[in-house]
Amino acid sequence: MRDTEQGLRHVEHVMGTVFSFDIRDRPTTAIHRALGDAVRHLHTVDAVFSTYRHDSAVSRLGRDEIRLADCPLEVHEVLSLCARANRDTEGWFSAVADGTLDPSGIVKGWATENASRLLHEAGALHTCVNGGGDIQVRGQAAPGTPWRIGVAHPLHPAELATVVIANGDLAVATSGTAERGAHILDPHDGSPAAGLASVTVVGSRLTMTDAYATAAFARGEESRDWLESLAGYEALAVLPDGRTWRTSGFDRLAS
């Protein structure tokens with residue numbers, strides 16, 4: 001944790017990735033306490049939802065060792081959000097894409113958004129919470145200065161595909177194969193999705209933005225018209241051959 005007059009920064013290794021907190025408000029006791037609560041929340045989420053932990057509630061539920069009624073309330077909330085995402089995406093988001101329970105496509109965004117909310121409720125109005133590349137920002141980086149969020153190019157790791165400019169609350173989620181390989185499946189046949197190299201979705205809140213990015217990647221090039229139809233969301237896609245496309249309003253958010 002790094003505390004200065006201008007803000008507070010912290011990095012936490014959890015959920016198999018790196019979470020970073022960049023708080024641009026003057027650190028107060030309440031903000032310090034909220035940051036601790038946010039970090040503990042992330043570790044709780046990992047313990048409850050990790051599919052790599054044999055004893056997590058989600059793993060045990062997926063093996064029918066326990067019932068949904070036996071699970072923590074967080075599991076009920078996340079599975080309800082998964083059902084909503086499934087409806088919104090016409091079935092392209094699924095928590096059971098390979099036949100086993102795995103809500104990972106929404107959990108990280110949900111956990112990051114919750115961490116951001118805890119900080120906001122404590123008086124931190126200008127923050128960036130980055131959960132393994134999925135980002136929720138609030139306010140500004142400095143008075144009169146927007147947040148600038150670089151999106152890595154999936155085919156050229158040393159380059160950026162775009163920079164998203166955030167004045168106020170904004171969420172940015174990217175799905176692709178660059179970091180984890182072919183981990184997103186077509187929920188209709190269980191095959192690895194391969195139609196896009198990456199897709200970045202921008203919205204106001206990260207939970208559904210993250211879910212929509214996962215669904216769009218699974219859907220491939222056919223996701224363009226669906227993304228265009230989503231009110232309050234914009235997107236940029238990079239194809240395997242390096243070509244790109246973007247929704248009609250994306251350029252208003254990017255540089």
Colleague: With a 4.5 Å cut-off on side-chain heavy atoms, are Thr247 and Tyr233 touching?
Modeller: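 No, side chains not in contact.
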Colleague: Start with the C-alpha gap between Val238 and His153, add the side-chain angles, then the distance that decides, and say whether side chain to side chain contact (heavy atoms under 4.5 Å, CB included) holds.
Modeller: CA-CA 8 Å; Val238 180; His153 198 293; 3.9 Å; yes
Colleague: Would you find a donor on one side and an acceptor on the other, under 3.5 Å apart, between the side chain of Asp25 and the backbone of His126?
Modeller: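 Checking the backbone N and O of His126 against the side chain of Asp25, a donor-acceptor pair under 3.5 Å is found.
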Colleague: For the side chain of Ser56 and the backbone of Ser50, is there at least one donor-acceptor N/O pair under 3.5 Å apart?
Modeller: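 Present.
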Colleague: When you group the ILVMFWY residues by side-chain heavy-atom contacts below 4.5 Å and let the links chain together, are Leu42 and Leu118 in the same group?
Modeller: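 They do not share one cluster, since no chain of ILVMFWY contacts under 4.5 Å joins Leu118 to Leu42.
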Colleague: For the residue pair His32 and Thr29, establish whether any side-chain heavy-atom pair is separated by less than 4.5 Å.
Modeller: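 No, their side chains stay 4.5 Å or more apart.
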Colleague: Would you check if there is a donor-acceptor pair between the side chains of His10 and Glu12 at a distance under 3.5 Å?
Modeller: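 Yes, side-chain donor-acceptor contact under 3.5 Å.
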Colleague: Rounded to the nearest 0.5 Å, what's the gap from CD on Glu113 to CG on Asp210? Could you check?
Modeller: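 That separation rounds to 10.0 Å.
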Colleague: Starting at CG of Leu236, measure out to CD of Glu234 and round the result to the nearest 0.5 Å.
Modeller: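 CD of Glu234 is found 11.0 Å from CG of Leu236.
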Colleague: Do NZ/NE/NH1/NH2 and the carboxylate oxygens of Asp46 and Arg53 come within less than 4.0 Å?
Modeller: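 Arg53 and Asp46: salt-bridged.
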Colleague: About how many Å separate CG of Leu119 and CG of Leu125, when rounded to the nearest 0.5 Å?
Modeller: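 Spacing of CG (Leu125) from CG (Leu119) equals 10.5 Å.
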Colleague: Would you call Arg246 and Asp251 a salt bridge, using N to O less than 4.0 angstrom?
Modeller: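 Salt bridge between Arg246 and Asp251, a charged N being under 4.0 Å from a carboxylate O: yes.
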Colleague: Can you check whether Asp169 reaches Val137 side chain to side chain, under 4.5 Å on heavy atoms?
Modeller: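 No, too far: nothing below the 4.5 Å cut-off.
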Colleague: Quick check against the 3.5 Å criterion: does Arg24 have a side-chain atom that pairs as donor or acceptor with the backbone of Ala142?
Modeller: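 Not at all, since once roles are kept as given, no pair shorter than 3.5 Å links the two residues.
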Colleague: Using every non-hydrogen atom in the two residues, find where Leu196 and Leu239 come nearest and quote the distance to one decimal.
Modeller: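 Smallest heavy-atom distance, with atoms named: CD2-CD1, 4.1 Å.
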Colleague: More than 12 non-hydrogen atoms from neighbouring residues, nucleotides or ligands closer than 6.0 Å to CZ on Arg63, yes or no?
Modeller: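 Above 12, so yes.
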Colleague: Indicate the atoms forming the closest heavy-atom contact of Ile165 with Ser255, along with that distance.
Modeller: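 That would be CD1-OG, 3.9 Å.
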Colleague: Flag the pair Ser248 / Glu228 as yes when at least one side-chain heavy-atom distance between them is below 4.5 Å, and no otherwise.
Modeller: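 Sidechains of Glu228 and Ser248: in contact.
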Colleague: Output yes when a side-chain donor or acceptor of Asp134 lies under 3.5 Å from a complementary backbone atom of Thr174, and no otherwise.
Modeller: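 Yes.
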Colleague: Linking I/L/V/M/F/W/Y whenever their side-chain heavy atoms sit closer than 4.5 Å, directly or via other members, would Val151 and Phe19 fall into one cluster?
Modeller: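 In one cluster with Val151: Phe19, no.
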Colleague: Can you tell me how far apart CG (Asn114) and NE2 (His41) are? Round to the nearest 0.5 Å.
Modeller: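 The distance works out to 4.0 Å.
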Colleague: Is Leu61 close to Leu68 at the side-chain level, that is, under 4.5 Å between some pair of heavy atoms?
Modeller: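 Heavy-atom side-chain distance check passes, below 4.5 Å.
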Colleague: For the residue pair Ala235 and Leu227, what are the closest heavy atoms and their distance?
Modeller: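 Closest heavy-atom pair between Ala235 and Leu227: CB-CD1, 3.7 Å.
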Colleague: Determine whether Arg9 and Phe21 make a side-chain contact, defined as any pair of heavy atoms from C-beta on separated by less than 4.5 Å.
Modeller: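 No, their side chains stay 4.5 Å or more apart.
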Colleague: If I take atom CG from residue Asn130 and atom OG1 from residue Thr112, how far apart are they, to the nearest 0.5 angstrom?
Modeller: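 That separation rounds to 8.0 Å.
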Colleague: Salt bridge or not between Asp88 and Arg84? Use side-chain N to carboxylate O under 4.0 Å.
Modeller: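 Salt bridge: yes.
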Colleague: So if you build clusters from Ile, Leu, Val, Met, Phe, Trp, Tyr with side-chain heavy-atom gaps below 4.5 Å, do Met208 and Val107 land together?
Modeller: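 Linked, Met208 and Val107 end up in one cluster.
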Colleague: Given the rule that I, L, V, M, F, W and Y join up when any side-chain heavy atoms are under 4.5 Å apart, are Leu253 and Tyr212 in one cluster?
Modeller: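 Cluster IDs for Leu253 and Tyr212 differ.
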Colleague: Can you check side chain to side chain contact (heavy atoms under 4.5 Å, CB included) on Thr214 and Ile106, steps first, answer last?
Modeller: CA-CA 8 Å; Thr214 299; Ile106 209 168; over 6 Å; no
Colleague: Under a 4.5 Å cut-off applied to non-hydrogen side-chain atoms, are Pro187 and Phe93 in contact?
Modeller: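 No, every pair of side-chain atoms sits at 4.5 Å or beyond.
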Colleague: Within the side chain of Thr44, is there an N or O that forms a donor-acceptor pair under 3.5 Å with the backbone of Arg40?
Modeller: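 Confirmed, Thr44 side chain pairs with Arg40 backbone.
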Colleague: Hey, is CD on Glu159 packed in by over 12 heavy atoms from elsewhere, all under 6.0 Å?
Modeller: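 Yes, CD of Glu159 has more than 12 neighbouring heavy atoms, counting only those of other groups under 6.0 Å.
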Colleague: Do Leu101 and Thr51 touch side chain to side chain, with heavy atoms closer than 4.5 Å?
Modeller: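 A side-chain contact is absent here, since even the closest heavy-atom pair is not under 4.5 Å.
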Colleague: Taking all non-hydrogen atoms of both residues into account, name the closest pair between Asp55 and Arg60 and its distance.
Modeller: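 Answer, listing the atom of Asp55 first, then Arg60: O-CD, 3.7 Å.
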Colleague: How many angstroms lie between atom OG1 of Thr200 and atom CZ of Phe250, to the nearest 0.5 angstrom?
Modeller: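 It comes to 6.5 Å.
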Colleague: Against Ser116, only a single residue in Arg138, Glu121, Arg205 fulfils side-chain hydrogen bond (donor to acceptor under 3.5 Å, both in side chains); can you say which?
Modeller: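 Passing option: Arg138.
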Colleague: Any idea which heavy atoms bring Ile135 and Cys128 closest together, and the distance?
Modeller: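 Heavy atoms only, the tightest pair is CG2-SG, 3.7 Å.
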Colleague: After noting the C-alpha distance and the side-chain angles of Val164 and Trp147, does the key distance pass the side chain to side chain contact (heavy atoms under 4.5 Å, CB included) rule?
Modeller: CA-CA 8 Å; Val164 176; Trp147 293 101; over 6 Å; no
Colleague: With ring pair (Phe, Tyr, Trp, His ring centres under 6.0 Å) as the criterion, how do Phe49 and Trp110 come out once you've worked through the C-alpha distance, each side chain's angles and the decisive distance to 0.1 Å?
Modeller: CA-CA 12 Å; Phe49 289 98; Trp110 170 80; 5.7 Å; yes
Colleague: The test is side chain to side chain donor-acceptor pair (under 3.5 Å); show your working for Ser104 and Asp102 and say whether it passes.
Modeller: CA-CA 5 Å; Ser104 301; Asp102 182 1; 2.4 Å; yes
Colleague: State whether a side-chain donor-acceptor pair under 3.5 Å links Gln140 with Thr145.
Modeller: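 There is no such pair between these side chains.
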Colleague: Please lay out, stage by stage, how Val48 and Val75 fare under the test side chain to side chain contact (heavy atoms under 4.5 Å, CB included).
Modeller: CA-CA 8 Å; Val48 170; Val75 177; 3.5 Å; yes
Colleague: Flag yes if Val202 and Leu206 sit in one hydrophobic cluster, no otherwise; membership is Ile, Leu, Val, Met, Phe, Trp, Tyr, and two members link when side-chain heavy atoms are under 4.5 Å apart.
Modeller: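 Different clusters.
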Colleague: Considering all heavy atoms of both residues, which atom of Leu35 and which atom of Leu8 are nearest to each other, and what is their separation?
Modeller: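 Heavy atoms only, the tightest pair is CD2-CD2, 3.6 Å.
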